[in-house]
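Here the structure is a predicted model, which means the values were calculated and not measured.
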Amino acid sequence: MDKSPYEILFEPVKIGPKTTKNRFYQVPHCNGMGHRWPKSMAEMRKIKAEGGWGVVCTEECEIHASSDLSSGALMRLWDDSDIPTHARMVENVQSHDALAGIQLVHNGYSTSNRFSRIPPIAPSARSARYDDPLQARAMDKQDIKNLRQWHRQAAQRAITAGYDIIYVYAGHNLTLLMHFLSSRYNQRTDEYGGSLKNRTRLIKEILEETKEIADDKAAVAFRFAVDEGMGKGGISACEEGRDVVEMLADLPDLWDVNISDWSNDSLTSRFGAEGHQETYIDFVKKVTNKPVVGVGRFTSPDTMVSQIRRGVLDLIGAARPSIADPFLPHKIKQDRMDEIRECIGCNICTSGDMLSVPIRCTQNPTMGEEWRKGWHPEDIEPAGSDDNFLIVGGGPAGLECALALAKRGYDVVVAEKNDVTGGRLVREATLPGFAEWRRVIDHRTYMLSQKANVNIYLNSELGAQDIMDYGFSHVVVATGSQWRTDGVGRKNHFPIEISDVALFSPEQIMDGILPSGPVVIFDDDHYYLASALAELLHDKGVEVTFVTPSDKVASWTENTLEQHMIQAGLLKRGIRIICNHSIAAVKQGKFILKNTYTGMEEVIEGRGFIPVTSRLSNDGLYQTLMIGQDELEGSGIKSVTLIGDSFMPSTIAAAVYHGHLFARQVDNPKDLWTEFKRENI
Ligand code: ADP
Ligand code: SF4
């Protein structure tokens, strides 16, 4: 048999005293669970190890209470009482022959220590990073000694917990070591400030001390942002970033390199492609003899192989691809590449950390549910009966529901009224920067095409009578939603007066129906769509004014790390942005805006109006079926369930989750939504 071109990905790599079984490396990533939901966190990591990742790391782990990221939920090693939580995670990871890594961190002025109430510390005095009304104090020599001591103690605890790899962390400019390194934050005049050598001193000391503690019991990794993507004034791969790598070249056992800040590192697909960090980090391997790991939203095995063969990386780092598909390595190994659930780069996963709730993922509905619901990304309970299912609607909810039911062994029919499956994504994936989102559909359509127990019928708009005539055991209505065009949303509780203006729904714009004159987009949704429509129209030569009651464009996208990029994109295009205003009425080509603070009115002009405010569930079919309850029973239908956007318009992640949830629990009499374990610790 021919050698697989991907065999190189399964070669072992020596990392200091440890050897990883392959090149698949789950780099540290936050998950909103951390010390608050430790069992959930440990089970999630276990599944990654089971899926074949050679190394599985924690998220940030605070080494001391003066780096208290409350109200976030990260890991902690403040004292010995935290060790058992870590030991559980280590045991889980090692039980599948993977190495367990821990990312030790002190976040300096990036933590306001809201729980511990310890004054934050920084190389030089400055305001705390977030808007809390407090300042970080400049560290004196004793503080620096203390910090080194805390790091040593945390490293010792990490060894006790059994970790194989211990991180010294100066990736992302949130970290205290990065603050020492950067002249933006470090204006000291002693031996820890001034020259680059001085600014690197603390990193070097901590690396040496961590190596001493680790001895031969663990490897020491250095995670370092070689570039901040800000040119002059920041660490950059052509200047200081490179100099630091040269200075410390062979000191760590492993270089984990990236670009800062987190939004650049976890860049969404709207703003960057797979492997976008390569040009920043590719010098590192030429400077050090130690192995190098880096990330790039790698989901293509060919890209991975190319990274190794071209000498860019030794280990394929992944956070998001391992979230979307914890079994990615196994699928490559078993030549099941077509089955990889590729990350779409939407960053719904980062919203868990940003909002301090357990992680969720658009592509992988089991993410974050491994412990509390006992869900596994690949395994699912066999069918509990011979029942069959009719799913009406082939959008994200309907397709995920069909796939999960089919995996269970049920016979499934999907009826879709359009000539393609995909629902809302058929349109949305055509928006500029959203092409990768199609993967939600492509993955499910492919997987369903491999199942003998599923039939998908296109061009099949079903009515209530059709459904009753077919007589399936269960009917799932996944008919989606549509955008309102009456201005009702968060600000306007009732339809607004709209006259003498060309009114467009978001769907019409995505279908290519373009306004002929200046348009006003009213964003009371605050996620991505309104800004994407504004870009689309502007780029097609339509003059756009963007009005929002929020104080910024697309405010919810702060949780997906994109807000600043989206607003910059609109500003760079010269799109007029009016914040803190709702639209009270549109008449005779005049838009009556209302200031959200004062209620004062302002008038602007435009010929077209696109409200992006809220959606209406397409639940008419369901309601009709429910009216004919007796008839339903007579036709042998045991249940009719509304799922996805037709139940509650929300994110694609929520629709996929709901489709999956239904399929898991359809033959379980317990409540669909509330059936989960809690960590009452
Ligand atoms: P969700 O995100 O909940 O999956 P979508 O709006 O993306 O919702 O998808 C809903 C799908 O349902 C669309 O593809 C739509 O064409 C389809 N649909 C709506 N009504 C019917 C119907 N009566 N019969 C068949 N398909 C329908
Ligand atoms: Fe990828 Fe989106 Fe899942 Fe995050 S939520 S792992 S970006 S698919």
Side-chain angles (χ1 to χ4, degrees), residues 12-21 23 25-29 53-64 67 75 77 83 86-87 89-90 93-94 98-107 144 147-172 175-178 180-181 200-226 241 244-258 281 284-285 287-295 313-315 317:
V13 179
K14 201 165 153 27
I15 307 174
K18 301 283 174 171
T19 301
T20 162
K21 64 183 173 186
R23 298 183 189 266
Y25 192 110
Q26 184 245 272
V27 293
H29 72 76
W53 296 87
V55 178
V56 177
C57 298
T58 59
E59 61 273 46
E60 285 189 352
C61 173
E62 304 158 3
I63 60 169
H64 189 257
S67 178
M75 291 291 277
L77 260 182
I83 294 174
H86 288 270
M89 134 119 195
V90 168
V93 169
Q94 292 174 347
L99 301 180
I102 180 167
Q103 180 175 250
L104 300 182
V105 70
H106 197 294
N107 278 301
I144 292 178
L147 177 79
R148 290 167 58 183
Q149 161 99 348
W150 299 334
H151 208 286
R152 284 199 300 272
Q153 286 169 337
Q156 187 54 62
R157 290 184 185 115
I159 298 282
T160 308
Y163 283 104
D164 302 291
I165 300 173
I166 301 176
Y167 268 77
V168 173
Y169 179 30
H172 308 137
T175 58
L176 181 55
L177 292 181
M178 195 58 152
F180 266 86
L181 192 61
T200 312
R201 185 179 308 277
L202 185 58
I203 292 177
K204 190 160 178 280
E205 287 171 347
I206 288 189
L207 268 170
E208 285 165 351
E209 287 165 0
T210 310
K211 284 201 78 167
E212 236 174 82
I213 301 272
D215 200 3
D216 263 352
K217 297 185 276 303
V220 175
F222 181 42
R223 194 176 201 194
F224 176 51
V226 296
V244 171
V245 180
E246 283 173 0
M247 232 182 276
L248 303 174
D250 287 341
L251 182 53
D253 296 316
L254 170 74
W255 282 89
D256 179 343
V257 284
N258 65 338
I281 56 100
V284 179
K285 251 191 78 61
V287 177
T288 176
N289 296 307
K290 298 301 169 85
V292 178
V293 60
V295 295
L313 297 173
D314 298 294
L315 294 150

Separation between CG of Leu315 and CD of Gln26, rounded to the nearest 0.5 Å: 13.0 Å
Report, one line per pair, each donor and acceptor closer than 3.5 Å where one atom sits in a side chain of residues 12-19; sequence neighbours left out.
unit_1, atom_1, unit_2, atom_2, d
Lys14, NZ, Gly16, O, 2.6
Lys18, NZ, Asp164, OD1, 3.2
Lys18, NZ, Lys217, O, 3.4

Inter-residue atom distance Gln103.CD - Met75.CE, 0.5 Å rounding: 11.5 Å
Any Val293 side-chain heavy atom under 4.5 Å of Asp314 side chain: no
Audit row: Lys285, Trp255, side chain to side chain contact (heavy atoms under 4.5 Å, CB included) steps and yes/no: CA-CA 9 Å; Lys285 251 191 78 61; Trp255 282 89; over 6 Å; no
Derivation and outcome, side chain to side chain contact (heavy atoms under 4.5 Å, CB included), residues Val226 and Val244: CA-CA 8 Å; Val226 296; Val244 171; over 6 Å; no
pair Phe180-Ile144: side-chain heavy atoms closer than 4.5 Å: yes
Check: Gln94 side chain, Gly162 main-chain N or O, donor-acceptor pair, under 3.5 Å: yes
Heavy-atom side-chain proximity of Ile165 to Ile102 below 4.5 angstrom: no
Pairing residues for Asp215 by the side-chain hydrogen bond (donor to acceptor under 3.5 Å, both in side chains) criterion, not counting sequence neighbours: none
Salt bridge (Lys or Arg N to Asp or Glu O under 4.0 Å) involving Lys204 - partner list, sequence neighbours excluded: Glu208
Side-chain touch Arg201/Glu205, heavy atoms, less than 4.5 angstrom: yes
Residues that Val295 engages under side-chain contact (heavy atoms from CB on, under 4.5 Å), provided they are two or more places apart: Val27, Asp265, Gln277
Residues forming a side-chain hydrogen bond (donor to acceptor under 3.5 Å, both in side chains) with His106, sequence neighbours excluded: Ser66
NE2-CG distance between His151 and Leu177, expressed to the nearest 0.5 angstrom: 6.0 Å
Gap between atom CZ of Arg157 and atom CD1 of Ile63 - 0.5 Å precision: 10.0 Å
Test salt bridge (Lys or Arg N to Asp or Glu O under 4.0 Å) applied to Glu59 - qualifying residues, sequence neighbours left out: Arg45
Intermediate values then yes/no, side chain to side chain contact (heavy atoms under 4.5 Å, CB included), Gln153 and His64: CA-CA 9 Å; Gln153 286 169 337; His64 189 257; 6.0 Å; no
Results of side-chain hydrogen bond (donor to acceptor under 3.5 Å, both in side chains) for Tyr167 - residues two or more places apart only: Tyr25, Asp256
Exam field: side chain Thr288 to backbone Val284, donor-acceptor pair closer than 3.5 Å: no
Those residues that, when tested against Glu212, pass salt bridge (Lys or Arg N to Asp or Glu O under 4.0 Å) (two or more places apart): none
Shortest non-hydrogen contact from Ala155 toward Thr210: CB-CG2, 4.1 Å
Gap separating the CD1 atom of Ile213 from the CD1 atom of Ile206, nearest 0.5 angstrom: 11.5 Å
Test side chain to side chain contact (heavy atoms under 4.5 Å, CB included) applied to Val168 and Leu104, step by step: CA-CA 6 Å; Val168 173; Leu104 300 182; over 6 Å; no
Any side-chain heavy-atom pair of Val257 and Val292 under 4.5 Å: yes
Considering all heavy atoms, the nearest Gly294-Leu313 contact: N-CD2, 3.3 Å
Pair Thr175, Asn107: side-chain N/O donor-acceptor within cut-off below 3.5 Å: no
Pairing residues for His29 by the ring pair (Phe, Tyr, Trp, His ring centres under 6.0 Å) criterion, not counting sequence neighbours: none
Trp53 side-chain N/O to Leu99 backbone N/O, donor-acceptor pair under 3.5 Å: no
Residues which pass side-chain hydrogen bond (donor to acceptor under 3.5 Å, both in side chains) with Lys21, listed by chain and number, not counting sequence neighbours: none
Salt bridge (Lys or Arg N to Asp or Glu O under 4.0 Å) involving Lys290 - partner list, sequence neighbours excluded: none
Approximate separation, where rounding is to 0.5 Å, of Leu77 CG and Cys61 SG: 4.0 Å
Validation row: Ile281, Asn258 side chains within 4.5 angstrom (heavy atoms): no
Partner residues of Phe224 under the ring pair (Phe, Tyr, Trp, His ring centres under 6.0 Å) criterion, sequence neighbours left out: Phe222
